[in-house]
Amino acid sequence: TGAAAGLEVSDPMKTRILSAAALLPLLLVIVLVLPAWATAALFGAAAAIAAYELLYRTGLVKNLRLVCYAMVMAVLVAFWSLRQDANLASIGILVYLAVLLGETLLAHGRLRFEKVCLCLVAGLLLPYLLTALVRIRAMYAGADPGQNDLGKYYILVAFVVAFTADSGAYFVGRALGKHKLAPVISPNKTVEGAAGGVLCAMLFMGLYGLVLKQAFQFDVITWYAVLYGALGAGASILGDLGFSAVKRQMNLKDYGNLIPGHGGILDRFDSMMLVAPLMEILLRMLPFAVPTIGAG
């Protein structure tokens with residue numbers, strides 16, 4: 001049938017699936033099994049690569065010193081997110097800004113202010129958004145010794161929402177998509193696919209809440225979990241389209257080629273830039289799952 005033909009797996013899609021199959025287990029081991037500092041190291045490195053992709057790969061900033069400053073700051077932001085030390089972070093931000101302004105002076109006015117702003121975005125803002133995953137992983141650190149590693153259950157929320165929304169949108173769009181969602185920015189995305197992504201994220205968040213309740217003795221408010229899925233899927237779509245718009249402006253297909261079939265870090269984690277901090281806010285202000293005594 002036409003629908004079946006539309007769902008045939010192409011060679012690029014096979015590469016994408018094989019890459020995910022190889023990397024996903026490693027990712028899960030790092031964020032679920034190893035200590036929280038390993039999560040900080042992983043996403044610090046990812047944020048540094050993302051800074052390089054946004055600044056240098058796009059051609060927006062070709063000054064290698066500025067790119068290196070941004071990459072170093074991205075790693076530091078990850079470890080500040082782990083320690084959640086506001087004083088240390090404030091000092092680092094002040095030093096980073098002073099270095100950028102110093103470069104402006106050394107360039108005798110030839111370094112344009114918008115490039116400095118881009119370095120602030122790449123070195124501070126985007127790493128802070130992405131390393132919400134680190135802050136989620138570190139939740140309950142220093143609390144009751146019996147419950148000090150519960151962040152590993154919460155960090156999965158961001159991955160469940162982002163990955164199921166993306167996968168649902170892809171497969172539903174391939175099978176049923178007819179109406180373009182943003183034809184100029186991303187011609188392959190459809191309204192039907194977006195709706196499928198939202199429904200898929202809501203369903204899987206409900207299932208994840210059920211798993212936490214049945215297997216790990218969490219008290220779960222299921223409709224909160226479903227709300228996480230709906231809001232998170234919307235954030236995922238916005239993040240994806242937003243970073244795609246930058247690529248279109250720079251006439252790029254991908255931000256990089258680090259991950260076969262996926263592109264660069266920004267191509268794979270563009271939606272996570274909004275999903276992760278949104279999940280962090282919801283987990284702190286409107287928790288859907290609370291551990292019972294002795295859970296974890």
Side-chain angles (χ1 to χ4, degrees), residues 16 19-20 23-32 36 38-54 57 71 74-75 77-78 81-82 121-139 151-170 185-186 189 193-194 197-198 200-202 204-205 208 228-247 254-256 258-259 261-284:
R16 184 183 179 95
S19 296
L23 294 175
L24 186 58
L26 176 62
L27 177 64
L28 292 178
V29 167
I30 292 174
V31 301
L32 299 181
T39 302
L42 172 68
F43 287 105
I49 296 170
Y52 168 80
E53 291 174 350
L54 180 64
R57 289 274 304 188
M71 293 177 71
V75 175
V77 168
S81 289
L82 177 64
V121 170
L124 288 177
L125 178 58
L126 295 186
Y128 179 78
L129 295 176
L130 182 61
T131 58
L133 293 167
V134 179
R135 295 188 293 276
I136 293 172
R137 180 64 178 81
M139 281 184 178
K152 64 186 180 183
Y153 299 107
Y154 295 134
I155 193 175
L156 278 180
V157 170
F159 289 104
V160 169
V161 169
F163 290 169
T164 60
D166 181 59
S167 299
Y170 178 81
I185 295 173
S186 188
K189 288 183 171 56
V198 172
C200 194
M202 293 169 66
F204 276 88
M205 271 305 300
Y208 184 59
Y228 278 40
L231 295 176
S236 174
I237 294 168
L238 181 60
D240 190 355
L241 291 176
F243 281 93
S244 293
V246 176
K247 285 192 292 187
D254 294 313
Y255 282 103
L258 180 66
I259 310 172
H262 293 269
I265 292 296
L266 279 176
D267 296 293
R268 178 62 276 179
F269 288 98
D270 49 5
S271 60
M272 192 65 80
M273 292 292 181
L274 293 184
V275 171
L278 175 61
M279 294 302 106
E280 180 190 12
I281 292 169
L282 290 174
L283 285 165
R284 294 187 186 280

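Every heavy atom of this structure was used, including side-chain atoms; hydrogens, water molecules and symmetry mates were not.
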Working for side chain to side chain contact (heavy atoms under 4.5 Å, CB included), residues F159 and L28: CA-CA 10 Å; F159 289 104; L28 292 178; 5.9 Å; no
Mind running side chain to side chain contact (heavy atoms under 4.5 Å, CB included) on S236 and V161 for me, showing each step along the way? CA-CA 8 Å; S236 174; V161 169; 5.6 Å; no
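For the atom pair CG of D270 and NZ of K247, the computed distance is 6.5 Å after rounding to the nearest 0.5 Å. Here the straight-line distance linking atom OG1 of T131 with atom CE of M273 works out to 9.5 Å at 0.5 Å rounding. Atom CG of L238 is separated from atom CG of L274 by 5.5 Å, given to the nearest 0.5 angstrom. Between the CD1 atom in I155 and the CG atom in L32 there is a gap of 7.5 Å [rounded to 0.5 Å]. Note that CG of L231 and CE of M205 are 11.0 Å apart. Values are rounded to the nearest 0.5 Å.
A pairwise comparison of heavy atoms in V157 and Y208 identifies CG2-CE2, 3.9 Å as the closest pair. Annotation for G232 and V275: closest pair O-CG2, 3.5 Å, computed over non-hydrogen atoms. Considering all non-hydrogen atoms of both residues, D267 and G264 come closest at OD2-N, 2.7 Å. When all heavy atoms of L54 and A122 are compared, the closest pair comes out as CD2-CB, 4.1 Å. When all heavy atoms are compared, the tightest approach of A162 to M272 is CB-CE, 3.8 Å. Across all non-hydrogen atoms, the minimal contact from K152 to V31 is CB-O, 4.2 Å.
Remark: Y128 pairs with no residue by the ring-ring contact (aromatic ring centres under 6.0 Å, His included) rule, at least two apart or across chains.
Considering only heavy atoms from C-beta on, D166 comes within 4.5 Å of R268 through its side chain. By the 4.5 Å heavy-atom criterion applied to side chains, L42 and L27 are counted as neighbours. Inter-residue side-chain proximity for D240 and K189 is flagged as met; some heavy-atom pair is nearer than 4.5 Å.
Ring geometry for F243 against Y255 counts as perpendicular: the plane angle is over 60°, on a 0 to 90° scale with 30° as the lower cut.
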Please tabulate, for side-chain N and O atoms in residues 276-284, each donor-acceptor pair with protein atoms closer than 3.5 Å (sequence neighbours left out).
| unit_1 | atom_1 | unit_2 | atom_2 | d |
| --- | --- | --- | --- | --- |
| E280 | OE1 | R135 | NE | 3.2 |
| E280 | OE1 | R135 | NH2 | 3.1 |
| E280 | OE2 | R135 | NE | 2.9 |

